[in-house]
Amino acid sequence: MSKSIQAIRGMNDILPSEIQGWQLVESVFQELMKSYGYDEIRMPIVEMTSLFKRSIGEVTDIVEKEMYTFDDRNGDSLTLRPEGTASCVRAALQNGLLHNQIQKLWYAGPMFRHERPQKGRYRQFHQLGVEVFGLTGPDIDVELILLTARFWKLLEIDQKVELEINSLGSNEARQTYRDLLVDYFSAHQDELDDDSKRRLLTNPLRILDSKNPEMQSLIAAAPKLSEHLDPESKQHFSELCAYLDQCGIKYRINPRLVRGLDYYNRTVFEWVSNDLGAQGTVCAGGRYDGLVKQLGGRETTAVGFALGMERLILLLNEEFLLKSAQQPHAYLIMLSPEAQLAGRVLAEQLRDQYPSLCLHVHSGGGSMKSQMKRADKSQAKLALILGEDEMAMSQVTIKNLREADQNQETIAQDKLGQWLGKFINT
């Protein structure tokens with residue numbers, strides 16, 4: 001017997017029993033973006049490998065170890081996108097969206113990284129992302145934080161997440177600080193673990209993010225980035241904090257928050273949760289004012305964030321999902337061949353009359369008992385019954401499946417639409 005084909009490790013199916021939460025999050029986010037004046041953009045899943053090498057940095061973990069890269073039939077090196085920002089910048093540049101224009105964009109879709117799968121972290125994962133181009137001040141940084149805070153409230157998880165912020169300064173200040181870190185950690189090389197020794201030569205700021213308990217005292221004594229910011233970045237960060245204070249957004253300044261990608265500068269932020277274990281970051285972002293120029297465009301300021309769908313779904317309350325789910329309004333039961341034909345016609349007439357009507361129509365025949373079981377399992381509020389008696393009298397019997405004290409009633413078929421209209425609107 002041949003071995004059954006399995007999904008690739010870390011690339012998971014999203015089953016019908018799970019999709020409700022995904023659809024809910026996506027629809028809430030879409031409406032939120034519309035209300036804030038952001039436009040959707042959709043980019044290809046596959047990009048030229050050089051895009052990510054130039055944007056993320058050739059000596060980052062993502063480029064060195066995690067990207068799904070392959071040569072196509074023309075010999076071009078292609079990569080499944082590991083993140084959305086670089087793709088969005090490329091799309092905006094290629095399609096002339098950034099020439100003397102402000103753009104506020106959002107996107108959704110799968111990303112790919114070859115790393116060890118664990119709870120809330122997979123090799124194919126899904127992100128919702130936002131990118132803003134052409135705005136310089138801290139007010140747009142604040143807007144991104146405010147809209148994410150509103151998103152958490154809409155999903156009823158605002159008590160489960162906390163905001164951490166930091167400033168990386170200008171690219172020049174960051175390079176100066178990078179050199180200070182290299183000097184400091186090089187003088188304590190015997191105390192570094194293997195991962196930090198590798199990062200010392202590639203991305204020393206990431207050493208500050210190490211979770212190794214044996215290195216925490218060494219990291220705590222390292223030079224502080226906040227003490228080496230340029231004046232403009234200090235002013236930008238001070239205004240950002242003032243905005244957040246004025247808007248009542250609670251936050252914690254985390255001097256170790258550096259982000260893993262080379263293109264960030266100035267504001268960086270993360271929303272984190274203690275309910276997700278080690279992988280506690282739900283949403284992360286910040287400024288990347290040099291990336292557009294780095295990828296061949298004019299100097300353009302930019303800021304954005306991405307949030308992980310898988311981790312976000314884990315935070316949703318079961319009660320919230322049940323409350324937000326749309327139960328079918330009705331389940332149509334048909335107890336004879338004649339009723340099956342008439343029932344299909346009636347169902348389409350009702351859908352024409354009420355486009356928002358959620359009506360399940362039974363298929364496959366069966367007894368009254370078996371069809372009622374299916375109706376109950378569907379979670380429909382009503383059962384609409386067409387039997388021989390109903391067909392003879394051009395009527396429909398209505399049974400309330402969720403309120404036992406409601407009496408069953410029978411009405412004329414041509415009055416059913418009017419009856420359901422009142423039921424839908426109550």
Side-chain angles (χ1 to χ4, degrees), residues 2-14 26 39-101 103 105-117 121-134 171 198 201-203 206 259-264 284-285 288-300 302 304-310:
S2 61
K3 185 178 179 181
S4 62
I5 299 175
Q6 302 288 314
I8 298 169
R9 184 168 181 255
M11 299 187 180
N12 300 333
D13 304 305
I14 303 170
E26 290 165 354
D39 297 316
E40 184 179 6
I41 186 171
R42 301 188 184 191
M43 300 89 66
I45 290 175
V46 180
E47 299 271 10
M48 301 295 291
T49 302
S50 56
L51 170 66
F52 302 113
K53 287 187 175 181
R54 288 173 61 180
S55 61
I56 298 173
E58 291 199 45
V59 293
T60 57
D61 287 351
I62 294 174
V63 171
E64 287 184 331
K65 300 188 297 184
E66 297 174 2
M67 293 201 315
Y68 282 90
T69 298
F70 59 94
D71 290 340
D72 73 357
R73 294 183 180 182
N74 295 325
D76 295 322
S77 180
L78 306 180
T79 294
L80 297 178
R81 62 186 184 195
E83 57 99 39
T85 299
S87 291
C88 190
V89 172
R90 191 271 311 148
L93 281 173
Q94 182 176 337
N95 294 284
L97 302 183
L98 303 184
H99 184 61
N100 297 325
Q101 299 178 70
Q103 294 289 350
L105 307 172
W106 72 273
Y107 53 85
M111 311 292 165
F112 303 85
R113 297 185 192 178
H114 191 281
E115 50 188 351
R116 185 170 63 86
R121 186 172 185 168
Y122 306 106
R123 292 176 177 175
Q124 176 177 313
F125 56 99
H126 298 76
Q127 288 186 340
L128 298 170
V130 170
E131 316 292 350
V132 178
F133 302 98
N171 290 329
R198 180 178 58 81
L201 303 175
T202 57
N203 194 348
R206 291 304 308 278
R259 306 296 297 126
L261 308 180
D262 283 354
Y263 51 64
Y264 282 108
Y288 51 96
D289 294 333
L291 183 57
V292 174
K293 185 177 181 181
Q294 187 178 322
L295 293 178
R298 298 181 180 182
E299 186 120 7
T300 305
F305 70 79
L307 60 90
M309 284 285 290
E310 282 83 358

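Sequence positions, counted from 1, serve as the residue numbers for this chain.
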Arg81 with Glu83: basic N within carboxylate O range, under 4.0 Å: no
Is it true that Arg90 and Glu47 have a side-chain N and a carboxylate O under 4.0 angstrom from each other? yes
Output the distance between atom [atom1] ([X]) and atom [atom2] ([Y]), rounded to the nearest 0.5 Å.
X	Y	atom1	atom2	result
Ile45	Tyr68	CD1	OH	13.5 Å
Leu51	Leu295	CG	CG	6.0 Å
Tyr107	Ser87	OH	OG	8.0 Å
Gln101	Thr300	CD	OG1	10.5 Å
Glu115	Phe125	CD	CZ	6.5 Å
Glu299	Gln294	CD	CD	11.5 Å

Set of side chain to side chain donor-acceptor pair (under 3.5 Å) partners for Arg73, sequence neighbours left out: none
Walk me through it: do Tyr288 and Glu131 pass the test side-chain hydrogen bond (donor to acceptor under 3.5 Å, both in side chains)? CA-CA 10 Å; Tyr288 51 96; Glu131 316 292 350; 2.6 Å; yes
Of Arg123, Met67, Gln124, which is the lone residue that meets side-chain contact (heavy atoms from CB on, under 4.5 Å) with Phe112? Gln124
Quick check against the 3.5 Å criterion: does [X] have a side-chain atom that pairs as donor or acceptor with the backbone of [Y]?
X	Y	answer
Asp76	Asp72	no
Glu40	Trp106	no
Asp289	Ala302	yes

State, with a plain yes or no, whether a side-chain heavy atom of [X] is found less than 4.5 Å away from one of [Y].
X	Y	result
Met43	Cys88	yes
Met48	Leu78	yes
Ile41	Gln103	no
Tyr122	Glu310	yes
Met309	Leu128	yes

Taking all non-hydrogen atoms of both residues, which atom of Leu93 and which atom of Gly297 are closest, and how far apart? CD2-CA, 3.5 Å
Does Leu105 form a side-chain contact (heavy atoms from CB on, under 4.5 Å) with Phe133? I'd like the steps, not just the answer. CA-CA 9 Å; Leu105 307 172; Phe133 302 98; 4.1 Å; yes
Evaluate the criterion side-chain contact (heavy atoms from CB on, under 4.5 Å) for residue pair Leu98 and Val292; output intermediate values, then yes/no. CA-CA 9 Å; Leu98 303 184; Val292 174; 3.9 Å; yes
